[in-house]
Number of protein chains: 2
Amino acid sequence: MVGSVWLTSGKGRKSRESGLDRDTIVAAAVRLLDAQGDVSMRALAGELNVTPMSMYWYVANKSDLLEFALDAVAGEIELPEADDDWQVELRALAQAWRRTMVGHPWAIRHYGDYLNIGPKSMRFTRHAQAVVGRSPLSQADQAAALSAVFQYVYGFAMNESRWLEYGRKTGRTVDEFVDDVAKSVAEVPWVSVKSGVVDQKNRQSIAEQRDRDFDRALDWLLAGMVTPSRSRHSASDPDGR
Amino acid sequence: MVGSVWLTSGKGRKSRESGLDRDTIVAAAVRLLDAQGDVSMRALAGELNVTPMSMYWYVANKSDLLEFALDAVAGEIELPEADDDWQVELRALAQAWRRTMVGHPWAIRHYGDYLNIGPKSMRFTRHAQAVVGRSPLSQADQAAALSAVFQYVYGFAMNESRWLEYGRKTGRTVDEFVDDVAKSVAEVPWVSVKSGVVDQKNRQSIAEQRDRDFDRALDWLLAGMVTPSRSRHSASDPDGR
DNA sequence: ACCTGAACACCGTTCAAGT
DNA sequence: ACCTGAACACCGTTCAAGT
(Lines give C-alpha, C1' and ligand atoms only; values in the text may rest on other atoms or scores of the structure.)
Protein backbone atom coordinates (compact mmCIF):
# COMPACT_ATOMS: atom_id res chain seq x y z
CA MET A 1 0.00 0.00 0.00
CA VAL A 2 1.22 3.43 -1.02
CA GLY A 3 4.35 2.25 -2.73
CA SER A 4 4.66 3.12 -6.37
CA VAL A 5 5.96 1.56 -9.54
CA TRP A 6 6.58 5.00 -10.86
CA LEU A 7 9.33 5.55 -8.33
CA THR A 8 11.37 2.63 -9.62
CA SER A 9 9.73 2.38 -13.01
CA GLY A 10 10.95 -0.16 -15.52
CA LYS A 11 10.23 -2.32 -18.46
CA GLY A 12 8.10 -0.82 -21.13
CA ARG A 13 9.58 -3.05 -23.81
CA LYS A 14 7.80 -5.18 -26.34
CA SER A 15 7.97 -8.90 -26.85
CA ARG A 16 8.77 -9.93 -30.41
CA GLU A 17 7.47 -13.50 -30.22
CA SER A 18 4.05 -13.42 -28.57
CA GLY A 19 1.75 -10.42 -28.65
CA LEU A 20 2.42 -9.86 -24.98
CA ASP A 21 3.61 -6.55 -23.62
CA ARG A 22 2.78 -4.37 -20.66
CA ASP A 23 0.17 -2.25 -22.37
CA THR A 24 -1.70 -5.30 -23.59
CA ILE A 25 -1.72 -6.78 -20.12
CA VAL A 26 -2.88 -3.54 -18.53
CA ALA A 27 -5.60 -3.07 -21.14
CA ALA A 28 -6.89 -6.59 -20.56
CA ALA A 29 -6.83 -5.99 -16.83
CA VAL A 30 -8.94 -2.86 -17.24
CA ARG A 31 -11.37 -4.79 -19.42
CA LEU A 32 -11.76 -7.53 -16.83
CA LEU A 33 -12.06 -5.05 -13.99
CA ASP A 34 -14.78 -3.19 -15.84
CA ALA A 35 -16.66 -6.42 -16.45
CA GLN A 36 -16.20 -8.15 -13.11
CA GLY A 37 -15.08 -5.47 -10.69
CA ASP A 38 -12.07 -7.60 -9.91
CA VAL A 39 -9.14 -9.46 -11.51
CA SER A 40 -7.09 -12.41 -10.54
CA MET A 41 -3.72 -12.98 -12.14
CA ARG A 42 -4.90 -16.39 -13.18
CA ALA A 43 -8.07 -15.12 -14.84
CA LEU A 44 -6.12 -12.39 -16.59
CA ALA A 45 -3.63 -14.90 -17.93
CA GLY A 46 -6.50 -17.01 -19.17
CA GLU A 47 -7.92 -14.01 -21.00
CA LEU A 48 -4.57 -13.45 -22.69
CA ASN A 49 -3.95 -17.15 -23.37
CA VAL A 50 -0.70 -17.19 -21.47
CA THR A 51 0.60 -18.66 -18.27
CA PRO A 52 0.00 -16.56 -15.15
CA MET A 53 3.72 -16.36 -14.55
CA SER A 54 4.50 -15.00 -18.01
CA MET A 55 2.97 -11.68 -17.02
CA TYR A 56 5.47 -11.32 -14.24
CA TRP A 57 8.02 -10.46 -16.85
CA TYR A 58 6.18 -7.19 -17.47
CA VAL A 59 4.81 -6.32 -14.04
CA ALA A 60 6.44 -6.98 -10.70
CA ASN A 61 3.22 -8.03 -9.00
CA LYS A 62 -0.52 -7.53 -8.90
CA SER A 63 -0.23 -4.26 -7.03
CA ASP A 64 1.92 -2.79 -9.79
CA LEU A 65 -0.54 -3.98 -12.38
CA LEU A 66 -3.37 -2.18 -10.63
CA GLU A 67 -1.31 0.97 -10.41
CA PHE A 68 -0.76 0.84 -14.17
CA ALA A 69 -4.47 0.22 -14.70
CA LEU A 70 -5.32 3.24 -12.59
CA ASP A 71 -3.02 5.46 -14.58
CA ALA A 72 -4.57 4.16 -17.80
CA VAL A 73 -7.98 5.19 -16.49
CA ALA A 74 -6.63 8.60 -15.51
CA GLY A 75 -5.73 9.02 -19.16
CA GLU A 76 -9.42 8.91 -20.07
CA ILE A 77 -10.30 12.00 -18.07
CA GLU A 78 -11.33 14.75 -20.48
CA LEU A 79 -9.69 18.01 -19.53
CA PRO A 80 -12.24 20.81 -19.96
CA GLU A 81 -11.46 23.81 -22.10
CA ALA A 82 -10.24 26.95 -20.45
CA ASP A 83 -12.79 29.28 -18.88
CA ASP A 84 -12.27 32.81 -17.59
CA ASP A 85 -13.98 31.88 -14.35
CA TRP A 86 -11.61 29.53 -12.52
CA GLN A 87 -14.47 28.11 -10.47
CA VAL A 88 -16.34 27.16 -13.60
CA GLU A 89 -13.31 25.35 -14.90
CA LEU A 90 -12.61 23.66 -11.59
CA ARG A 91 -16.20 22.46 -11.45
CA ALA A 92 -15.87 21.04 -14.97
CA LEU A 93 -12.69 19.31 -13.95
CA ALA A 94 -14.35 17.74 -10.94
CA GLN A 95 -17.21 16.57 -13.10
CA ALA A 96 -14.83 15.04 -15.61
CA TRP A 97 -13.00 13.19 -12.86
CA ARG A 98 -16.24 11.90 -11.43
CA ARG A 99 -17.46 10.81 -14.86
CA THR A 100 -14.34 8.77 -15.50
CA MET A 101 -14.28 7.17 -12.07
CA VAL A 102 -17.91 6.20 -12.29
CA GLY A 103 -17.18 4.67 -15.68
CA HIS A 104 -14.76 2.29 -13.95
CA PRO A 105 -16.28 1.79 -10.52
CA TRP A 106 -13.44 -0.47 -9.38
CA ALA A 107 -10.94 2.35 -9.92
CA ILE A 108 -11.90 4.46 -6.98
CA ARG A 109 -11.74 1.48 -4.65
CA HIS A 110 -8.04 1.20 -5.40
CA TYR A 111 -7.34 4.89 -5.87
CA GLY A 112 -6.11 5.54 -2.35
CA ASP A 113 -3.71 2.61 -2.42
CA TYR A 114 -1.31 4.50 -4.65
CA LEU A 115 0.32 7.87 -4.93
CA ASN A 116 -1.14 8.38 -8.39
CA ILE A 117 1.98 9.82 -9.83
CA GLY A 118 1.92 8.03 -13.17
CA PRO A 119 2.20 10.21 -16.30
CA LYS A 120 -1.54 10.30 -17.02
CA SER A 121 -2.40 11.03 -13.40
CA MET A 122 0.16 13.80 -13.29
CA ARG A 123 -1.25 15.35 -16.43
CA PHE A 124 -4.57 15.67 -14.66
CA THR A 125 -3.06 16.96 -11.43
CA ARG A 126 -0.99 19.56 -13.21
CA HIS A 127 -4.02 20.81 -15.07
CA ALA A 128 -5.98 21.08 -11.83
CA GLN A 129 -3.16 22.99 -10.19
CA ALA A 130 -3.02 25.37 -13.13
CA VAL A 131 -6.73 26.07 -12.78
CA VAL A 132 -6.59 27.02 -9.10
CA GLY A 133 -3.37 28.83 -9.88
CA ARG A 134 -5.46 31.41 -11.74
CA SER A 135 -7.70 32.02 -8.74
CA PRO A 136 -7.20 35.00 -6.45
CA LEU A 137 -6.47 32.66 -3.53
CA SER A 138 -3.12 32.63 -1.80
CA GLN A 139 -0.84 29.80 -2.78
CA ALA A 140 -1.48 27.93 0.45
CA ASP A 141 -5.22 28.34 -0.05
CA GLN A 142 -5.01 27.08 -3.61
CA ALA A 143 -3.68 23.77 -2.40
CA ALA A 144 -6.27 23.62 0.36
CA ALA A 145 -9.06 24.41 -2.08
CA LEU A 146 -7.96 21.71 -4.48
CA SER A 147 -7.72 19.15 -1.71
CA ALA A 148 -11.12 20.08 -0.36
CA VAL A 149 -12.83 19.81 -3.72
CA PHE A 150 -11.31 16.47 -4.56
CA GLN A 151 -11.91 15.04 -1.13
CA TYR A 152 -15.56 15.80 -1.60
CA VAL A 153 -15.59 14.47 -5.15
CA TYR A 154 -13.80 11.36 -3.99
CA GLY A 155 -16.37 10.73 -1.26
CA PHE A 156 -19.24 11.27 -3.66
CA ALA A 157 -17.81 9.10 -6.41
CA MET A 158 -16.96 6.29 -4.01
CA ASN A 159 -20.54 6.23 -2.82
CA GLU A 160 -21.85 6.33 -6.34
CA SER A 161 -19.48 3.64 -7.57
CA ARG A 162 -20.59 1.22 -4.88
CA TRP A 163 -24.18 1.54 -5.95
CA LEU A 164 -23.28 1.05 -9.56
CA GLU A 165 -21.22 -2.04 -8.83
CA TYR A 166 -23.99 -3.40 -6.70
CA GLY A 167 -26.41 -2.80 -9.53
CA ARG A 168 -24.20 -4.47 -12.08
CA LYS A 169 -23.71 -7.52 -9.89
CA THR A 170 -27.34 -8.06 -8.99
CA GLY A 171 -29.01 -6.73 -12.11
CA ARG A 172 -31.35 -4.70 -9.96
CA THR A 173 -31.88 -0.96 -10.08
CA VAL A 174 -31.12 1.28 -7.15
CA ASP A 175 -34.83 2.06 -6.88
CA GLU A 176 -35.72 -1.57 -6.41
CA PHE A 177 -33.03 -2.02 -3.85
CA VAL A 178 -34.00 1.01 -1.82
CA ASP A 179 -37.59 -0.14 -1.77
CA ASP A 180 -36.50 -3.55 -0.55
CA VAL A 181 -34.43 -2.17 2.26
CA ALA A 182 -37.14 0.30 3.20
CA LYS A 183 -39.37 -2.67 3.91
CA SER A 184 -36.91 -3.90 6.52
CA VAL A 185 -35.69 -0.70 8.11
CA ALA A 186 -37.78 2.30 8.94
CA GLU A 187 -35.18 4.83 7.94
CA VAL A 188 -32.88 4.76 4.96
CA PRO A 189 -30.29 7.31 5.93
CA TRP A 190 -27.81 6.93 3.09
CA VAL A 191 -30.03 8.13 0.29
CA SER A 192 -31.14 11.71 0.22
CA VAL A 193 -34.43 10.70 -1.32
CA LYS A 194 -36.44 8.90 1.29
CA SER A 195 -38.57 6.14 -0.10
CA GLY A 196 -42.13 7.28 -0.51
CA VAL A 197 -41.35 10.95 -0.06
CA VAL A 198 -40.90 11.59 -3.74
CA ASP A 199 -44.19 11.28 -5.51
CA GLN A 200 -44.15 9.01 -8.50
CA LYS A 201 -45.48 11.36 -11.14
CA ASN A 202 -42.66 13.86 -11.17
CA ARG A 203 -40.01 11.44 -10.10
CA GLN A 204 -36.74 12.17 -11.85
CA SER A 205 -34.35 9.55 -12.95
CA ILE A 206 -31.98 8.60 -10.18
CA ALA A 207 -29.08 9.58 -12.38
CA GLU A 208 -30.37 13.12 -12.85
CA GLN A 209 -30.97 13.46 -9.16
CA ARG A 210 -27.40 12.35 -8.50
CA ASP A 211 -26.02 14.84 -10.99
CA ARG A 212 -27.89 17.64 -9.29
CA ASP A 213 -26.78 16.58 -5.82
CA PHE A 214 -23.19 16.42 -7.00
CA ASP A 215 -23.22 19.85 -8.58
CA ARG A 216 -25.03 21.48 -5.74
CA ALA A 217 -22.64 20.46 -2.98
CA LEU A 218 -19.76 21.38 -5.24
CA ASP A 219 -21.27 24.83 -5.61
CA TRP A 220 -21.63 25.14 -1.87
CA LEU A 221 -17.99 24.34 -1.40
CA LEU A 222 -16.87 26.74 -4.11
CA ALA A 223 -19.11 29.48 -2.79
CA GLY A 224 -17.78 28.99 0.72
CA MET A 225 -14.21 29.47 -0.46
CA VAL A 226 -14.82 32.98 -1.63
CA THR A 227 -17.19 34.02 1.14
CA PRO A 228 -15.75 36.18 3.91
CA SER A 229 -15.72 33.66 6.74
CA ARG A 230 -17.61 34.13 9.98
CA SER A 231 -15.73 31.43 11.83
CA ARG A 232 -12.31 30.97 13.34
CA HIS A 233 -10.70 29.51 10.23
CA SER A 234 -10.08 32.32 7.80
CA ALA A 235 -10.00 31.73 4.08
CA SER A 236 -6.85 33.78 3.70
CA ASP A 237 -3.65 32.37 5.03
CA PRO A 238 -1.73 34.66 7.39
CA ASP A 239 1.56 33.79 5.73
CA GLY A 240 0.06 33.04 2.35
CA ARG A 241 2.22 33.74 -0.65
CA MET B 1 -21.04 -6.11 -1.16
CA VAL B 2 -23.89 -3.95 0.10
CA GLY B 3 -25.87 -6.76 1.61
CA SER B 4 -26.47 -6.54 5.31
CA VAL B 5 -26.65 -8.82 8.29
CA TRP B 6 -29.00 -6.39 9.89
CA LEU B 7 -31.68 -7.18 7.35
CA THR B 8 -31.81 -10.85 8.28
CA SER B 9 -30.19 -10.50 11.70
CA GLY B 10 -29.84 -13.47 13.97
CA LYS B 11 -27.95 -15.13 16.71
CA GLY B 12 -26.87 -12.95 19.53
CA ARG B 13 -26.86 -15.85 21.95
CA LYS B 14 -24.17 -16.90 24.34
CA SER B 15 -22.30 -20.14 24.55
CA ARG B 16 -22.33 -21.71 28.00
CA GLU B 17 -19.34 -24.03 27.53
CA SER B 18 -16.55 -22.00 26.02
CA GLY B 19 -16.18 -18.25 26.42
CA LEU B 20 -17.13 -17.83 22.79
CA ASP B 21 -19.94 -15.56 21.69
CA ARG B 22 -20.49 -13.03 18.95
CA ASP B 23 -19.41 -10.00 20.91
CA THR B 24 -16.15 -11.66 21.91
CA ILE B 25 -15.43 -12.59 18.32
CA VAL B 26 -16.23 -9.11 17.06
CA ALA B 27 -14.13 -7.49 19.78
CA ALA B 28 -11.16 -9.70 18.91
CA ALA B 29 -11.62 -8.90 15.24
CA VAL B 30 -11.52 -5.17 15.99
CA ARG B 31 -8.38 -5.69 18.04
CA LEU B 32 -6.64 -7.55 15.23
CA LEU B 33 -7.80 -5.06 12.62
CA ASP B 34 -6.46 -2.20 14.71
CA ALA B 35 -3.13 -3.95 15.07
CA GLN B 36 -2.66 -5.35 11.58
CA GLY B 37 -5.12 -3.50 9.38
CA ASP B 38 -6.54 -6.84 8.34
CA VAL B 39 -7.97 -10.11 9.70
CA SER B 40 -8.14 -13.61 8.42
CA MET B 41 -10.64 -16.03 9.87
CA ARG B 42 -7.78 -18.35 10.66
CA ALA B 43 -5.74 -15.74 12.49
CA LEU B 44 -8.79 -14.62 14.42
CA ALA B 45 -9.53 -18.19 15.46
CA GLY B 46 -5.94 -18.53 16.58
CA GLU B 47 -6.29 -15.42 18.70
CA LEU B 48 -9.37 -16.90 20.36
CA ASN B 49 -7.90 -20.39 20.71
CA VAL B 50 -10.66 -22.01 18.72
CA THR B 51 -11.06 -23.66 15.36
CA PRO B 52 -11.77 -21.30 12.48
CA MET B 53 -15.03 -23.05 11.79
CA SER B 54 -16.32 -22.66 15.34
CA MET B 55 -16.84 -18.96 14.68
CA TYR B 56 -19.21 -19.75 11.88
CA TRP B 57 -21.76 -20.64 14.48
CA TYR B 58 -21.94 -16.95 15.44
CA VAL B 59 -21.34 -15.19 12.14
CA ALA B 60 -22.45 -16.32 8.70
CA ASN B 61 -19.22 -15.34 7.01
CA LYS B 62 -16.34 -12.91 7.05
CA SER B 63 -18.37 -10.15 5.48
CA ASP B 64 -20.91 -10.31 8.29
CA LEU B 65 -18.13 -10.23 10.83
CA LEU B 66 -16.75 -7.03 9.32
CA GLU B 67 -20.18 -5.47 9.32
CA PHE B 68 -20.48 -6.20 13.03
CA ALA B 69 -17.01 -4.79 13.60
CA LEU B 70 -17.96 -1.60 11.79
CA ASP B 71 -21.05 -1.15 13.90
CA ALA B 72 -18.97 -1.69 17.03
CA VAL B 73 -16.68 1.12 15.91
CA ALA B 74 -19.67 3.34 15.20
CA GLY B 75 -20.57 2.89 18.84
CA GLU B 76 -17.38 4.70 19.83
CA ILE B 77 -18.35 7.95 18.14
CA GLU B 78 -18.90 10.60 20.79
CA LEU B 79 -22.07 12.53 20.09
CA PRO B 80 -21.41 16.20 20.82
CA GLU B 81 -23.64 18.12 23.20
CA ALA B 82 -26.42 20.23 21.79
CA ASP B 83 -25.56 23.69 20.48
CA ASP B 84 -27.91 26.48 19.51
CA ASP B 85 -26.08 26.90 16.22
CA TRP B 86 -26.83 23.82 14.14
CA GLN B 87 -23.73 24.34 12.06
CA VAL B 88 -21.55 24.30 15.14
CA GLU B 89 -23.09 21.03 16.21
CA LEU B 90 -22.85 19.53 12.74
CA ARG B 91 -19.20 20.45 12.60
CA ALA B 92 -18.62 18.79 15.97
CA LEU B 93 -20.40 15.71 14.72
CA ALA B 94 -18.22 15.56 11.63
CA GLN B 95 -15.12 15.94 13.76
CA ALA B 96 -16.24 13.14 16.06
CA TRP B 97 -16.85 10.85 13.11
CA ARG B 98 -13.45 11.62 11.66
CA ARG B 99 -11.76 11.08 15.01
CA THR B 100 -13.27 7.63 15.39
CA MET B 101 -12.55 6.56 11.83
CA VAL B 102 -8.97 7.69 12.07
CA GLY B 103 -8.68 5.71 15.29
CA HIS B 104 -9.48 2.56 13.30
CA PRO B 105 -8.01 3.25 9.88
CA TRP B 106 -9.22 -0.07 8.48
CA ALA B 107 -12.83 0.89 9.20
CA ILE B 108 -13.22 3.44 6.48
CA ARG B 109 -11.80 1.05 3.90
CA HIS B 110 -14.75 -1.23 4.52
CA TYR B 111 -17.32 1.43 5.28
CA GLY B 112 -18.80 1.63 1.81
CA ASP B 113 -19.25 -2.12 1.55
CA TYR B 114 -22.23 -2.02 3.88
CA LEU B 115 -25.42 -0.11 4.41
CA ASN B 116 -24.35 0.81 7.94
CA ILE B 117 -27.74 0.21 9.42
CA GLY B 118 -26.64 -1.54 12.59
CA PRO B 119 -27.95 -0.13 15.89
CA LYS B 120 -24.84 1.90 16.71
CA SER B 121 -24.60 3.29 13.19
CA MET B 122 -28.25 4.25 13.26
CA ARG B 123 -27.82 6.01 16.57
CA PHE B 124 -25.24 8.24 14.91
CA THR B 125 -27.29 8.78 11.77
CA ARG B 126 -30.38 9.69 13.70
CA HIS B 127 -28.46 12.20 15.74
CA ALA B 128 -27.05 13.76 12.59
CA GLN B 129 -30.50 13.98 11.07
CA ALA B 130 -31.82 15.65 14.18
CA VAL B 131 -29.08 18.26 13.98
CA VAL B 132 -29.80 19.30 10.40
CA GLY B 133 -33.48 19.01 11.26
CA ARG B 134 -33.06 22.13 13.39
CA SER B 135 -31.59 24.10 10.48
CA PRO B 136 -33.68 26.53 8.44
CA LEU B 137 -33.10 24.42 5.32
CA SER B 138 -35.94 22.74 3.51
CA GLN B 139 -36.31 19.06 4.20
CA ALA B 140 -34.84 18.12 0.84
CA ASP B 141 -31.90 20.43 1.48
CA GLN B 142 -31.32 18.97 4.90
CA ALA B 143 -30.67 15.57 3.38
CA ALA B 144 -28.48 17.08 0.69
CA ALA B 145 -26.50 19.03 3.25
CA LEU B 146 -25.92 15.99 5.38
CA SER B 147 -24.79 13.95 2.39
CA ALA B 148 -22.46 16.67 1.22
CA VAL B 149 -20.81 17.09 4.58
CA PHE B 150 -20.23 13.40 5.09
CA GLN B 151 -19.05 12.81 1.57
CA TYR B 152 -16.38 15.39 2.20
CA VAL B 153 -15.56 13.97 5.62
CA TYR B 154 -15.40 10.51 4.14
CA GLY B 155 -12.97 11.60 1.46
CA PHE B 156 -10.81 13.39 3.96
CA ALA B 157 -10.77 10.56 6.47
CA MET B 158 -10.04 7.97 3.80
CA ASN B 159 -7.01 9.94 2.71
CA GLU B 160 -5.87 10.43 6.26
CA SER B 161 -6.38 6.79 7.18
CA ARG B 162 -4.22 5.60 4.32
CA TRP B 163 -1.34 7.71 5.51
CA LEU B 164 -1.74 6.50 9.04
CA GLU B 165 -1.83 2.87 7.99
CA TYR B 166 1.16 3.42 5.82
CA GLY B 167 2.97 4.98 8.75
CA ARG B 168 2.06 2.15 11.09
CA LYS B 169 3.25 -0.48 8.64
CA THR B 170 6.56 1.09 7.78
CA GLY B 171 7.33 2.82 11.04
CA ARG B 172 8.16 5.98 9.16
CA THR B 173 6.58 9.38 9.61
CA VAL B 174 4.67 11.13 6.87
CA ASP B 175 7.37 13.79 6.76
CA GLU B 176 10.07 11.27 6.01
CA PHE B 177 7.99 9.66 3.35
CA VAL B 178 7.11 12.90 1.61
CA ASP B 179 10.76 13.87 1.56
CA ASP B 180 11.66 10.53 0.01
CA VAL B 181 9.10 10.80 -2.73
CA ALA B 182 10.01 14.39 -3.38
CA LYS B 183 13.48 13.19 -4.27
CA SER B 184 12.02 11.04 -7.05
CA VAL B 185 9.24 13.20 -8.40
CA ALA B 186 9.35 16.91 -8.91
CA GLU B 187 5.81 17.55 -7.78
CA VAL B 188 3.98 16.01 -4.87
CA PRO B 189 0.41 16.88 -5.67
CA TRP B 190 -1.41 15.00 -2.90
CA VAL B 191 -0.08 16.96 0.00
CA SER B 192 -1.08 20.55 0.42
CA VAL B 193 2.27 21.33 1.97
CA LYS B 194 4.89 21.13 -0.72
CA SER B 195 8.18 19.85 0.49
CA GLY B 196 10.58 22.71 1.10
CA VAL B 197 7.90 25.39 0.93
CA VAL B 198 7.28 25.33 4.63
CA ASP B 199 10.27 26.68 6.47
CA GLN B 200 11.49 24.52 9.29
CA LYS B 201 11.38 26.99 12.14
CA ASN B 202 7.63 27.59 12.24
CA ARG B 203 6.72 24.22 10.90
CA GLN B 204 3.63 22.90 12.63
CA SER B 205 3.09 19.32 13.42
CA ILE B 206 1.54 17.48 10.53
CA ALA B 207 -1.37 16.52 12.75
CA GLU B 208 -2.20 20.15 13.56
CA GLN B 209 -1.96 21.07 9.92
CA ARG B 210 -4.38 18.27 9.06
CA ASP B 211 -6.83 19.40 11.72
CA ARG B 212 -6.81 22.91 10.32
CA ASP B 213 -7.26 21.72 6.75
CA PHE B 214 -10.15 19.54 7.81
CA ASP B 215 -11.95 22.30 9.69
CA ARG B 216 -11.39 24.89 7.06
CA ALA B 217 -12.92 22.99 4.15
CA LEU B 218 -15.78 22.00 6.42
CA ASP B 219 -16.36 25.67 7.12
CA TRP B 220 -16.32 26.46 3.42
CA LEU B 221 -18.97 23.86 2.80
CA LEU B 222 -21.14 25.03 5.67
CA ALA B 223 -20.76 28.65 4.65
CA GLY B 224 -21.71 27.82 1.08
CA MET B 225 -24.94 26.20 2.19
CA VAL B 226 -26.30 29.36 3.69
CA THR B 227 -24.92 31.74 1.07
CA PRO B 228 -27.37 33.00 -1.54
CA SER B 229 -26.13 31.11 -4.57
CA ARG B 230 -24.87 32.78 -7.72
CA SER B 231 -25.02 29.65 -9.83
CA ARG B 232 -27.70 27.58 -11.49
CA HIS B 233 -28.21 25.25 -8.55
CA SER B 234 -30.17 27.08 -5.91
CA ALA B 235 -29.79 26.21 -2.27
CA SER B 236 -33.53 26.19 -1.74
CA ASP B 237 -35.46 23.42 -3.34
CA PRO B 238 -38.38 24.53 -5.52
CA ASP B 239 -40.61 21.85 -4.10
CA GLY B 240 -38.89 21.71 -0.73
CA ARG B 241 -41.07 20.77 2.21
C1' DA C 1 -26.65 -26.58 20.67
C1' DC C 2 -22.09 -26.12 19.78
C1' DC C 3 -17.48 -27.43 17.97
C1' DT C 4 -14.19 -30.08 15.04
C1' DG C 5 -11.02 -31.88 11.01
C1' DA C 6 -10.58 -32.84 6.53
C1' DA C 7 -11.23 -31.26 2.19
C1' DC C 8 -12.35 -28.01 -1.81
C1' DA C 9 -11.65 -24.37 -4.65
C1' DC C 10 -9.48 -20.73 -4.90
C1' DC C 11 -5.53 -17.00 -4.34
C1' DG C 12 -0.51 -14.46 -5.37
C1' DT C 13 4.00 -15.64 -5.89
C1' DT C 14 8.87 -18.28 -5.73
C1' DC C 15 11.84 -20.94 -7.96
C1' DA C 16 14.24 -23.84 -11.07
C1' DA C 17 13.96 -25.08 -15.60
C1' DG C 18 13.25 -24.64 -20.27
C1' DT C 19 13.86 -22.13 -25.15
C1' DA D 1 15.15 -12.34 -23.43
C1' DC D 2 11.09 -14.47 -22.59
C1' DC D 3 7.96 -18.17 -21.03
C1' DT D 4 6.64 -22.41 -18.45
C1' DG D 5 5.02 -25.99 -14.69
C1' DA D 6 5.29 -27.41 -10.34
C1' DA D 7 5.11 -26.14 -5.84
C1' DC D 8 4.44 -23.14 -1.55
C1' DA D 9 1.95 -20.72 1.61
C1' DC D 10 -1.81 -18.84 2.11
C1' DC D 11 -7.16 -17.78 1.78
C1' DG D 12 -12.74 -18.42 2.92
C1' DT D 13 -15.91 -21.88 3.22
C1' DT D 14 -18.62 -26.67 2.71
C1' DC D 15 -19.65 -30.69 4.62
C1' DA D 16 -20.07 -34.69 7.42
C1' DA D 17 -19.04 -35.96 11.81
C1' DG D 18 -18.55 -35.61 16.50
C1' DT D 19 -20.23 -34.23 21.54
Side-chain angles (χ1 to χ4, degrees), chain A residues 1-5 8-26 28-29 32-33 35-70 106 109-110 113-114 169, chain B residues 1-5 8-26 28-29 32-33 35-70 106 109-110 113-114 169:
Chain A
M1 174 173 298
V2 189
S4 176
V5 229
T8 52
S9 194
K11 340 179 196 181
R13 17 172 153 69
K14 270 217 153 90
S15 164
R16 268 136 237 51
E17 309 290 323
S18 72
L20 210 58
D21 67 2
R22 201 180 68 194
D23 288 349
T24 315
I25 294 171
V26 171
L32 273 186
L33 283 160
Q36 329 270 14
D38 214 348
V39 236
S40 77
M41 297 303 274
R42 289 163 137 105
L44 183 54
E47 190 79 359
L48 294 165
N49 293 310
V50 292
T51 306
M53 288 316 299
S54 66
M55 301 183 302
Y56 282 80
W57 184 258
Y58 304 96
V59 294
N61 48 44
K62 190 180 177 178
S63 169
D64 272 19
L65 176 62
L66 283 172
E67 194 172 358
F68 284 128
L70 278 176
W106 52 272
R109 266 192 292 115
H110 297 284
D113 292 340
Y114 304 97
K169 265 178 205 154
Chain B
M1 173 173 298
V2 189
S4 175
V5 229
T8 52
S9 194
K11 339 177 195 182
R13 16 171 155 71
K14 269 218 153 89
S15 163
R16 269 136 235 55
E17 309 292 321
S18 72
L20 210 57
D21 68 3
R22 202 179 68 195
D23 287 350
T24 315
I25 295 171
V26 171
L32 272 186
L33 283 160
Q36 328 271 14
D38 214 348
V39 234
S40 78
M41 296 304 274
R42 289 163 136 103
L44 183 55
E47 190 78 0
L48 293 165
N49 292 310
V50 292
T51 306
M53 289 314 300
S54 67
M55 302 184 300
Y56 282 79
W57 183 258
Y58 304 95
V59 294
N61 47 44
K62 189 181 177 178
S63 169
D64 271 19
L65 175 62
L66 283 172
E67 195 172 358
F68 284 128
L70 278 175
W106 53 272
R109 268 193 291 114
H110 297 285
D113 292 340
Y114 304 96
K169 266 179 204 152

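Here is how names work: the chains are called A, B, and so on, in the same order as the sequence lines, proteins then strands, and each is numbered from 1. Remember, it's a predicted structure, so these values are computed and weren't measured experimentally.
For the pair Val39(B)/Glu47(B), no side-chain contact is recorded, criterion being any heavy-atom separation below 4.5 Å from C-beta on.
Summarising the geometry, atom CZ belonging to Arg109(B) is positioned 8.0 Å from atom CG belonging to Leu33(B); distances are rounded to the nearest 0.5 Å. In this structure, the separation between NZ on Lys62(A) and CD on Glu67(A) is 14.5 Å, given to the nearest 0.5 Å. Taking CG of Leu44(B) as the reference point, atom CG of Leu65(B) lies at 6.0 Å (rounded to 0.5 Å).
Base pairing of dT4(D): its partner is dA16(C), meeting the Watson-Crick or G-U wobble criterion (both donor-acceptor distances under 3.5 Å).
For the OP1/OP2 pair of dC3(D) and a distance below 4.0 Å, the side-chain nitrogens and oxygens of Ser54(A) include no atom meeting the criterion. For Trp57(A) and dC3(D), the shortest distance from a side-chain N or O to OP1 or OP2 is not below 4.0 Å.
Atom CD1 in Ile25(B) sits roughly 12 Å away from atom C1' in dC3(C) (whole-Å rounding).
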### Task
Sugar-phosphate atoms are those with a prime plus P, OP1 and OP2; base atoms are the rest. Using that split, label each nucleotide of nucleotides 8-19 of chain C B, S or - for protein heavy atoms under 4.0 Å, 5' to 3'.
---BBBBB----
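Side-chain N or O atoms of Thr51(B) include none that pairs as donor or acceptor with a backbone N or O of Ser54(B) at under 3.5 Å.
Screening Leu20(B), Asp23(B), Asp64(B), Val26(B) against Tyr58(B) for a side chain to side chain contact (heavy atoms under 4.5 Å, CB included) leaves a single residue, Leu20(B).
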